[in-house]
Novice: 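Dumping the structure here so I can ask a few things about it.
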Amino acid sequence: MDWHLTPGDRIERAELHDRFGGRIHPRISPSKASPNIMLFSTRTAASRFDGWTGEHVHFGGEGGGDGTDQKLTQGNGALLRHEDEGRTLRLFLQPESGPAEYIGAYRLDSHMPFAQVEAPGDPRRPLEVRQAFVFRLRPLTGPPRGLPHRAAAVTQRRVEKTGPGVRLTLPGQILAPAQQAAADMLARYEGFLRLSERSETAGYRITTGHSLSEIHVELFDHTREELVVPLASRARPGVWEALGRLNDQARFFTPAPRRALLLPGQPDPDLMDLLLSQHVTAIWPSGPFTYARSEPGPAGTRP
């Protein structure tokens with residue numbers, strides 16, 4: 001069955017599938033009647049990563065709407081195997097109503113077929129995230145029209161300096177109360193460092209290779225060479241998570257920085273012992289414009 005659509009042509013989806021096969025509802029619709037896989041970019045949340053980078057079309061994978069990680073099965077798996085199975089990727093823009101617009105023919109980038117990204121999970125729990133795939137498509141019929149611009153995926157690690165500040169949410173999400181409290185607490189401490197101690201401070205945006213997700217370092221005190229993570233509660237589960245964040249972020253800096261946890265108040269003795277055993281400094285407000293610190297001793301010792 002010959003493909004007769006050219007970029008810019010519009011066709012009702014029911015007619016498209018009647019002619020070329022595939023199912024009418026999925027975002028990724030492999031056909032058994034023709035050597036094609038139809039891809040549909042919409043204006044819904046499922047298409048939040050779709051767009052044109054100037055070299056690739058980014059097309060977000062399907063699945064994971066229940067809050068689980070996406071998998072390379074079903075439509076995602078068919079897309080990944082399209083060249084081995086002799087299929088062409090056909091991209092369409094699908095409005096909320098009316099015909100779909102054919103954008104063009106594509107194939108997966110053979111060097112880096114997809115990037116991983118953190119995405120919102122269950123809409124009922126907007127602060128939870130899941131792992132998702134963003135496929136990288138190379139055009140066979142020229143650059144696309146009508147797609148939003150998207151930043152390209154990086155193949156190697158990139159660390160960029162930014163202004164300090166808490167950035168804990170994904171685009172379109174809002175800070176939870178605890179996150180907002182941590183952001184406010186960090187802003188006060190960062191102001192104290194700059195104004196009272198004349199410290200040089202910065203934030204960092206880190207992108208790992210083969211990923212579109214970013215790691216945000218909220219505050220790096222370059223005067224002390226100290227990485228600071230804020231935590232609005234002294235509850236143990238939150239401390240465990242914060243220690244993991246510190247260890248994750250610290251590995252991107254050479255030499256290895258000091259690590260510090262900014263808390264709303266003085267830790268109790270057992271929590272203090274936990275932080276010191278991990279060689280992490282505790283910082284907490286001791287007055288309206290002052291802060292106390294608990295410094296760890298040499299490796300393997302308590303002060």
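Note that the structure is a prediction, hence the values are computed from the model and not measured.
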Novice: Atom OG1 in T141, atom CG in L5: separation rounded to 0.5 Å?
Specialist: 11.5 Å

Novice: Would a 4.5 Å heavy-atom cut-off, applied to side chains only, mark L39 and V57 as touching?
Specialist: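 A side-chain contact under 4.5 Å is absent here.
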
Novice: Could you give me the CA-CA distance, side-chain angles and deciding distance for R236 and D270, then say whether salt bridge (charged side-chain N to carboxylate O under 4.0 Å, His left out) is met?
Specialist: CA-CA 10 Å; R236 193 174 297 269; D270 187 65; 2.6 Å; yes

Novice: Mind jotting down which residue pairs meet the ring-ring contact (aromatic ring centres under 6.0 Å, His included) criterion with at least one end in residues 223-266? Sequence neighbours excluded, please.
Specialist: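 As it turns out, the ring-ring contact (aromatic ring centres under 6.0 Å, His included) pairs with a partner in residues 223-266, which skip direct neighbours, are Y204-F253, F220-F253.
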
Novice: Would you check if Q131 and E118 make a side-chain contact, meaning some heavy-atom pair closer than 4.5 Å?
Specialist: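 Result yes, sub-4.5 Å side-chain heavy-atom pair found.
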
Novice: Which ring-ring contact (aromatic ring centres under 6.0 Å, His included) pairs, counting each pair once, include a residue from residues 61-99, with sequence neighbours left out?
Specialist: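 Qualifying pairs, neighbours excluded: F40-F92, F92-Y102.
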
Novice: Check P35 against G86 and note the closest heavy-atom contact, atom names and distance.
Specialist: CB-O, 3.5 Å

Novice: When you measure from the side chain of R13 to the backbone N and O of I24, does any donor-acceptor pair fall under 3.5 Å?
Specialist: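 Checked: pair present.
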
Novice: List the atom of S34, the atom of F20, and the distance in Å for their closest heavy-atom pair.
Specialist: OG-O, 2.7 Å

Novice: Hey, any chance L79 and V117 share a hydrophobic cluster, counting ILVMFWY side chains that come within less than 4.5 Å of each other, even indirectly?
Specialist: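 No, because L79 and V117 fall into different hydrophobic clusters, even though each may have its own neighbours under 4.5 Å.
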
Novice: Between R19 and E15 (salt bridge meaning N to carboxylate O under 4.0 Å), is one present in this structure?
Specialist: yes

Novice: With a 3.5 Å distance limit and no angle check, can you tell me whether Q70 reaches the backbone of G61 through a side-chain donor-acceptor pair?
Specialist: yes

Novice: Just checking, is any N or O donor in the side chain of T281 or E295 under 3.5 Å from an acceptor N or O on the other one?
Specialist: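 Indeed, the side chains of T281 and E295 share at least one donor-acceptor pair under 3.5 Å.
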
Novice: Begin with the C-alpha distance, continue with both residues' side-chain angles, and end with the deciding distance and a verdict on ring-ring contact (aromatic ring centres under 6.0 Å, His included) for H56 and F114.
Specialist: CA-CA 11 Å; H56 296 88; F114 61 84; over 10 Å; no

Novice: Hey, are the side chains of V134 and R150 touching, using non-hydrogen atoms and a 4.5 Å cut-off?
Specialist: no

Novice: Run the numbers on E190 and R194 for salt bridge (charged side-chain N to carboxylate O under 4.0 Å, His left out), then give the verdict.
Specialist: CA-CA 6 Å; E190 194 268 337; R194 287 190 298 103; 2.7 Å; yes

Novice: Would you check, one step at a time, whether the test salt bridge (charged side-chain N to carboxylate O under 4.0 Å, His left out) holds for E101 with R145?
Specialist: CA-CA 10 Å; E101 179 182 349; R145 298 178 59 184; over 6 Å; no

Novice: Cluster question for you: counting only ILVMFWY and a side-chain heavy-atom cut-off of under 4.5 Å, with indirect links fine, are Y106 and L80 together?
Specialist: yes

Novice: Between S47 and R27, does a side-chain hydrogen bond (donor to acceptor under 3.5 Å, both in side chains) hold up when you go through it step by step?
Specialist: CA-CA 9 Å; S47 300; R27 173 172 165 79; 2.8 Å; yes

